[in-house]
Structures are given as C-alpha cells and as structure tokens.
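Read through the structure below, which is laid out as structure tokens, and then see the notes.
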There are 2 protein chains.
Amino acid sequence: MVTIYDVSERAGVSLATVSRVMNNNARVSDKTKAKVLQAMADLGYRPNAIAKGLASSRSNSVGVLISELHGPFYGMMMSAIETELRKHDIHSIFAAGHSDAAKEEDAVNFLLSRRCDALILYVEAVSDEFLVELNKRGTPIVVLGRDIKNLQPQCINLDNEQGGYLAAKYLLDAGHRDIAYISGPLWKVDTQDRLAGHRRALAEHQLTFDESLLIEGDFQEEGGVDGLNKLLSSGRPFTAVACGNDEMAAGAMAAARDAGMTLPDDLSIVGFDNVAYSRFVYPKLCTVNYPVREMAEMATHWVLRQVYDHTRFEIENTFTPVMVERNSVLRVQK
Amino acid sequence: MVTIYDVSERAGVSLATVSRVMNNNARVSDKTKAKVLQAMADLGYRPNAIAKGLASSRSNSVGVLISELHGPFYGMMMSAIETELRKHDIHSIFAAGHSDAAKEEDAVNFLLSRRCDALILYVEAVSDEFLVELNKRGTPIVVLGRDIKNLQPQCINLDNEQGGYLAAKYLLDAGHRDIAYISGPLWKVDTQDRLAGHRRALAEHQLTFDESLLIEGDFQEEGGVDGLNKLLSSGRPFTAVACGNDEMAAGAMAAARDAGMTLPDDLSIVGFDNVAYSRFVYPKLCTVNYPVREMAEMATHWVLRQVYDHTRFEIENTFTPVMVERNSVLRVQK
DNA sequence: CTTTCTGGTGAAAGCGCTTACATTTAGGTT
DNA sequence: AACCTAAATGTAAGCGCTTTCACCAGAAAG
C-alpha cells in the first residue's frame, strides 16, 4: 500500500506538505502542489481514512442506527441520509438495533468505537435516560422518531397521535362505526401514540373503542394477516380496520381476500406510513403520510449544522402527518 | 475519552498487558486479567476501533457495495449479510453504487480507504476488467450477481437465463401465446440473461418473440406502470406479460387495473425475484424465486472462509431459480 | 540597508493501539 | 545452591496520518 511517505519522497517534499495538498487547508505554492499531485497520480495513492481519522480525531462519517436494514420505511430513511451526507462528502455507517435494547446499545457502541463524528438514532427499545446519558458522552446525537424531554432540540419527530387521529377520523367520516385496530407492538411509543389518536377520534364521535377489536401486531405483513384472521374468528362485527402501518394493512388485505371478502366493499382498510408500495396494493391504500425522507433529511441537516458547520440549514423538530386518500375505504351511507 | 493507557495505569500494568486481555490472544495470569477487567469497567473504557485498525491493519469490517440502500431486494441482501457477519463479530459497512460506473468506483474507493478486510460487491455498471484489476489490489473481493471469467471462484450468481426461461415456460404451459415483456434496463446483464431465457422458451414452442411487445423498464414500480400503459396503447394484443422483476409486476398490475382490467382474467402477469411483498399484491404474484438471502449468506461465507479462516464453510457459486406458483396467471383453454 | 512581515515548507510529536523482542519471575531439576 | 525453562509481563517501535512550531526566503516598509 502506498503511503503519504512514498508520495512525499517521490515529490521531493515533506510529509506535512503532502498532507497539506491533500486537505488543501493551508497555502502551498502551485508548483509544489502540482508536483505532489503528480506523485500521487503516479503512485496511485489513496489516503488511508483510518490513519487520517486517528490523527485528526475526525472520521468524516456519521453513524446511523435504525431498527432494520430492510423494509420500505428504513430503506427510505437510509437512502435519504446517505444521499444527503454524500453531497458533503461525508460517509454513513449503518447499524441495526433490531428493536432490542441490548442490541441497540451494542450498535451504539459499535458506532462510537468507529469514532463517528455524530450519530443519527432511530431507536425504540433503549430508555430515554440512556439517550440523555449518551448525549453527554461527547459525540453529538440526533434522535429520529422520538421525543425526549431535555433533548428536544435534538429530536426530529412526527406527531403520531395526530396521525392515528386522522386515520380514525377518515374512517368515521366515511360512515364507519365498527372499527377494528391492528396495532404495532404495544410497548412501542409509536404504537401507543397512534392508538391514542385513534381513541381521541372515536371519543370525538361519542364512540368508545371496543377493546376486543384491538389486536396487537408486529408491524410486519404477517402480523396483518394474523391480526385480520383473529378479528374474523372473534365473530365481532366490524366494517373497517385501521392498521398500525402499511405492511400490516397489506397483510390484512391479503387475509381478508383469502377469507372471501371483496375489498373495499366488505371491508375498509387504512394504513400508516405511506410507504412506496402502498400505491401498488389493491385497492390502493388510504394511509397516513409519514414524511420519512424529509425527516431523515432534517436529521442529517441537524448534523451538518451542528457538527460540520453548515449553518445555513434550518431545523424543524416536529412534522405533521396528513391523510392520503386512495381507494381502500368505502363510503357507507348512514 | 479513556484510552488503553489510562486503563494500564489504573490496573498497574503495561499497555501490552491491557492489549492482551482485550484481545485475549496471549497468556495472562488470571489475577492480572481480573485487575485489568476491573480497571476497564471502572473507567468505562471502550476500545478505539480506528486505532486498533491502524495498528493491526485488520479492521474487522467488510465493505458491502450494493446498488441502492432501499428496495426489498437490496434490503434482504443487507440484512442477510449483516446478520451473518455479526455472528462472528464482524461489522458491515454499506455503500451504494446507484448502478453508475463512476459512483460504483467511488464507493469501492471509499470502502478501500476504510481498510475493509474484504469487499462484497453487487455492482452493475463497472466493467469486468475493473473487477479483475481490483481483485489484484490485495483486498479480497467476492462478486454477487455476476459471472466473471478469471474470477469464477469469487462469483456467486443466479442462473438468470434459466429464470427467464422458467417464467416464460410457465406462461406458455398455461396456454398463453401472446406474451409481452417489460424488461429492466437493457444494458444490465441480468436483464439480458432473463430476456434470453424468455426467448429460449418461446423458441422451444416454435414461437418467435414479437419485438414490439418488448418494453424497456427500470426495475421500479413506475416502470411497470409505464410499461403496461405503453403496451396497452400500442394496440397489440397480448394475454400475458412477463416482468423483469416483481416491482415492475406490481406496477403493471396497478396500471392494468387502472385501465379497467380484471386480474388475472384479462391479463396474466409473472414477476421475478420473489420479493417479500409479492405475496401481498393482488392477485398474489407468480414469480421466479431469487434466493437473495442464501446468496448473500454464501458471499458472506466466502469472506468468512477466505479472510477470517472459518474453513468449515463450503462455497457454492451458482444458484438455481425456481418458479413460485401463485394466482396471477390464468390457465387458458386451448 | 536594516527591520518586519508573511507565505511556504520541514521537523517532529503525537493519535490509541499492536506486537516483536527483551526481561523478569516462579517453578522445577539435578 | 546453581541452573534451566516456560510463563508472565514490560519496552518500545511502529501503523499512516495531522498539526504545532520553527525556520527560511523574499517582499514590503522604514
């Protein structure tokens, strides 16, 4: 491997000078700069980012911790962050936390051990205190999809409660009264908030939520399948089902159809997230838009601003969901 | 940041000893080991992976280059690789090549500059020679989804031609004769191979492929939508359409329905890849299984074997696609 | 013609680890 | 008691860079 030393020798200058032209952060005469550049080209020199990081305690990389490396939601998040960072020549290092506290901490340690300049965290299992403590450890962090007291300015979040409210309201306005709910894992804050919004909408219509129409899912397609089957076999009547996310809505659709139902005639369904493929299921899914890309970009801007001094970026901490109307909900006549 | 030096001081031993207990690769008495461990715990020491990498020229990380960070196909690939590597305490660093030669080279350089111990590459735009040259540069590489002469043992690939053949044959066996094809970008090898298989199946049935029924897509849902619309507006009759991948098949389904068709009665559709959500579109998609997970794991095993000396792994270079029968194809009576 | 800058460059001390090699220590052997 | 051996530990030289500081021209100023 050719090093900066080889380059300096060939160019007939010192190590320091080579370093200077690499980073061009100091004045170097055009003549020597040319010599060095030439030597680099001749030798096919490529800087060692590791050594650079060690010497400068700046890695030019930011750690990104998400729950999974697959799925439309996280996929969009990763893409948005990577695209935005790469514009500024900063690299992303991704790690998966798998919605498990121990694994999330592990992943944080991994990212920290690689001396990321900052961390973008979408973590679900770890406690608020953990994050507050982590924040004190020196590496700047920004938290996605969570609201943490004492860390407000570093949190980028969606108003999930409002989202849940919108979805339920949409169903209510369409005339539905018997509304089932397939939620995400109940320990997750997102799940709780969305459900709370759902309840608020019902209350506004003087309706109480029938708890036997609540099924806990897993935010996966299969969870939607199981959820709908459970609802069906419970024998309780319902004309609509609100799902904790789009994947479960897709699963619920498949299950409903397997049970011989016609959609949306026999059952109306709403999702949450507005992932890319929600437009391609049948019927096209009515869902709540989760502006993941924008939020991921915002988190990235926070980092760009705080860590890399791009002060032109304005930070906005809370995003508002909106309802996306498509064809999966039937208007019922009163 | 607490360093190995702080630990050594507190434990009353030398740097070397601390290093030894960290890596436990040399004999250290139980007594001193305990002292060191205690000191580490007291200080909350976390090793600096960067420094470690520099000193040992081993980063314990492998670089993974894929085309996109989103999408069901790459999502599965990333997940599989990360899961497999993490079992052995090796980290993955992901980079996106965006199917563009310059960006792919960039990403390779990024991964190389971070001194990955090995590279797993799913690259589409870069030339075979580039990869052959890269291979000589010292860092072991394994290539996914490509067959390269002179690099055979390091290639893990699917028989795409056979996959294309199977999809077409499935349609033919169901009685279809007028079969349209929405392909991926034609410059991609995968696209060409699948199409070649498609042609072979037709030829076997003494049919020639009507070139006006071939539409070039982009492997995205939207490409499927556009593709089907173009086919429809061409006025040419067709009873089935084979798609270059599942995303386009989903798009084609949506477009067909928007055009007033009933599926699969008015149009049969097959996809390719068998991505997770293909079971959740309606009708459930008939598709060719691309064993991404297995292939990604195989690539990982190659690395584990070659670079990290886990000789127990057996390597298999070529995978065979199989047809997944579901409900998107109508059997027509002859 | 001396003084004062200042732009350009080099020397060398780290950054936090690993790892040959040297040294010490503690048990055997005879 | 002298000697040998192997295990345990320490010493110090890097790994490939950055960065402070010092230095030296030559230009500008007096």
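Proteins come first, then strands; the chains are lettered A, B, ... in the order of their sequence lines, and each starts at number 1. Computation of the quantities below employed the complete heavy-atom set of this structure, encompassing side-chain atoms and omitting hydrogens, waters and symmetry-equivalent molecules.
The phosphate of C/dG8 (OP1 or OP2) has a side-chain N or O of A/R27 nearer than 4.0 angstrom. Between B/S29 and D/dA7 there is no side-chain polar atom (N or O) within less than 4.0 angstrom of OP1 or OP2.
One can place NZ of A/K35 at 12 Å from C1' of C/dG8, the figure rounded to the nearest angstrom. The interatomic distance linking A/K31 (NZ) with D/dA25 (P) rounds to 15 Å, in whole Å.
The environment of CG in B/N25 is crowded: more than 12 heavy-atom neighbours from other residues, nucleotides or ligands sit within 6.0 Å.
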I'd like to compare against my own output: the B/S/- annotation of nucleotides 14-22 of chain D with a strict under-4.0 Å heavy-atom distance to protein.
BBBBBBBB-

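A/F73 has its ring centre no less than 6.0 Å from the ring centre of A/F219.
Taking the ring axis of B/F110 as reference, the NZ or CZ atom of A/R86 stays within 45° of it and closer than 6.0 Å to the ring centre.
Side-chain contact, B/N109 with B/E105: no donor N or O sits under 3.5 Å from an acceptor N or O. Between A/N157 and A/T318, the side chains place no donor N or O within less than 3.5 Å of an acceptor N or O (distance only, hydrogens not considered). In this structure, a donor-acceptor pair under 3.5 Å is present between the side chains of B/K52 and B/N23.
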